Every structure is written in C-alpha cells, then in structure tokens.
Amino acid sequence: NDKLFGDVMQGEVESVDKVMHNPTRPFTAIMGGSKVSSKIDIIMNLMDKVDNLILGGGMTYTFKKALGGHVGNSICEEDKLDLALEIILATDTVAADAFDNNANTQIVPSMEIPDGWEGLDVGPESIASFTKVIEQSKTILWNGPVGVFEMPKFAVGTKAIADAIVKATANGAFSLIGGGDSVAAINQFGLADKVSYVSTGGGALLEYIEGKELPGITAIRGK
C-alpha cells in the first residue's frame, strides 16, 4: 500500500529540501527572535551551508556581549556567550528607554547601548547592509524578526527585511519564510503572496533545518 503526504506536507518538505540540500547560491539565512538557546543548533547547522548568515532580534545582544559590547538592559543569555563569536551582526540599534511603542528612542552603535536602554530594532546602517545582501541572494531562509515588529515604531527593520526578500523573489530567488514570528510578520505586512513559500510547519520545520531526522518524513521516504 502506498504512503503519501498531503499537498501541504509535500510542499513543506520539498521547499525545505530545496533550501537545505540544493540551494541556488548565494544562499542567505536571516535568523531573528529573542532567544539564542532555541536557535543554536539551527545556527550551527546553517553556518556550514549558507553564504551569508544575518542575525537580528534580541538574540543579537548575547553575541554583542560576547564580543565585549555593552548591551544595557537588552535581553541576553549569559551561558551562551562563548558560542557567539562566529557570526555577522547588526552594527547599529534602535534603543528605547522602555518596552513601549511610545518610548523615547535613540540610534546607537550595537556595542554601546546605554544603561537603562534596550535594543528593540536594528538601525538604518544595519538595514542597509542586510537588505543589500538579501537582494543579491538567490536562496533565502527567514526565521525570526529583527525587531519588536508588533509595535509600529520598532517594525522598521523587520519590514525592510520582508521588502528585500520580496524584491529578491521578484528577481528569481527562492524564499522560504518559516517560524511563527516571521510568518506573523510577513502576514502583518501583507506580503505573504510575494515570497516563494510560507511554512506552516513551525517547530518541526526548525528541527528539520537543524538536521534532525523527523520520523514521519523518514518513514514516508522509506529510507
């Protein structure tokens, strides 16, 4: 008896395989979100596969601290500091004096966030360098926002990433958006139909990108 996936699952697996096993280069991955710990295995697996790895969001501050930076009140995981020395990061940050859309803001170097302030978005210099890389890419994996996009004031960086991915896709790149926050962001900006594939796989997609065997996929492939 034949086993087969439904169309959604088939599309999911084919899209991830295309990105992870047969990417047209340059291949750029954008990883965001607040916690490094939940993404470390993915980051380590991707580092061998991608041409460019852009890191944004709250996890950046763990990396910046590892490099000797001053991150103010920004979110940071002390126990991950030693892992954090091999990656390309934002150079400037939109810092706020409160976690609030109406907070006072200033643009500061990412290594020099003052006490009492926290980074809530990437700054204009980082947006320029990130979007340039993305627009020149032929395969793009986006997992995680680069700022607190739920607040309009801190959605600028994430929207710029989305726009750059849309532009690259229009120029023939294959773009895969995965992970709850990125999917929420691309939908919030109304751009879901302008990228190649928006994954609904969530955690399972990320485990697959980490290189873990997913029993259901292994079984269906009969390998």
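Note that the structure is a prediction, hence the values are computed from the model and not measured.
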Exercise: do Y197 and E14 side chains pair donor with acceptor under 3.5 Å: no
Is the shortest heavy-atom distance from the side chain of [X] to the side chain of [Y] under 4.5 Å?
{"X": "K138", "Y": "P26", "answer": "yes"}
{"X": "M31", "Y": "W142", "answer": "no"}
{"X": "T139", "Y": "T28", "answer": "no"}
{"X": "V16", "Y": "M20", "answer": "yes"}
{"X": "L55", "Y": "I43", "answer": "yes"}
{"X": "V122", "Y": "V94", "answer": "no"}
{"X": "N101", "Y": "P152", "answer": "yes"}
{"X": "E118", "Y": "I113", "answer": "no"}

What closest approach, in Å, do [X] and [Y] show between heavy atoms, and which atom pair accounts for it?
{"X": "T158", "Y": "A185", "result": "CG2-CB, 3.9 Å"}
{"X": "G119", "Y": "Y61", "result": "CA-OH, 3.2 Å"}
{"X": "S110", "Y": "A90", "result": "OG-O, 3.2 Å"}
{"X": "A192", "Y": "V198", "result": "O-CG2, 3.9 Å"}
{"X": "A173", "Y": "S137", "result": "CB-O, 3.4 Å"}
{"X": "V146", "Y": "G56", "result": "CG1-CA, 3.8 Å"}

Evaluate the side-chain contact (heavy atoms from CB on, under 4.5 Å) criterion for residues W117 and N104: first the C-alpha distance (whole Å), next the side-chain angles of each, then the deciding distance (0.1 Å), finally the verdict. CA-CA 9 Å; W117 294 70; N104 296 306; 4.2 Å; yes
Check for a donor-acceptor pair, side chain of S182 on one end and backbone N or O of G144 on the other, with a separation under 3.5 Å. yes
Is the backbone N or O of T91 less than 3.5 Å from a side-chain atom of S126, with the two atoms forming a donor-acceptor pair by type? yes
Would I161 and I30 count as a side-chain contact (heavy atoms from CB on, under 4.5 Å) here? Give the steps. CA-CA 9 Å; I161 297 274; I30 305 124; 4.2 Å; yes
Check the pair T62 / E77 against side chain to side chain donor-acceptor pair (under 3.5 Å), numbers first and verdict last. CA-CA 6 Å; T62 297; E77 294 176 274; 4.6 Å; no
In terms of hydrophobic clusters joined by side-chain contacts under 4.5 Å, are [X] and [Y] together?
{"X": "V133", "Y": "V156", "answer": "yes"}
{"X": "L89", "Y": "L46", "answer": "yes"}
{"X": "F189", "Y": "I54", "answer": "yes"}
{"X": "V148", "Y": "I75", "answer": "no"}
{"X": "L120", "Y": "M111", "answer": "no"}

Once you round to the nearest 0.5 Å, how far does [atom1] of [X] lie from [atom2] of [Y]?
{"X": "S196", "Y": "L176", "atom1": "OG", "atom2": "CG", "result": "8.5 Å"}
{"X": "Q188", "Y": "I186", "atom1": "CD", "atom2": "CD1", "result": "11.0 Å"}
{"X": "H70", "Y": "K64", "atom1": "NE2", "atom2": "NZ", "result": "14.5 Å"}
{"X": "I177", "Y": "S15", "atom1": "CD1", "atom2": "OG", "result": "11.0 Å"}

I'd like to know whether T93 forms a side-chain contact (heavy atoms from CB on, under 4.5 Å) with I107, so could you lay out the CA-CA distance, the side-chain angles of the two residues, the decisive distance to 0.1 Å, and finally the verdict. CA-CA 6 Å; T93 298; I107 293 165; over 6 Å; no
May I ask you to establish whether K18 and F174 are in a cation-pi arrangement, using a distance under 6.0 Å from NZ or CZ to the six-membered ring centre and at most 45° from the ring axis? yes
Heavy atoms from other residues, nucleotides or ligands near NZ of K153 exceed 12 (cutoff 6.0 Å): yes
Criterion side chain to side chain contact (heavy atoms under 4.5 Å, CB included) against F27, the qualifying member of N52, I140, L141, L53: L141
Under a 4.0 Å N-O cut-off, is there an ion pair linking K167 with D163? no
Decide yes or no on side-chain contact (heavy atoms from CB on, under 4.5 Å) for D92 and V108, but give the supporting numbers first. CA-CA 6 Å; D92 59 348; V108 295; over 6 Å; no
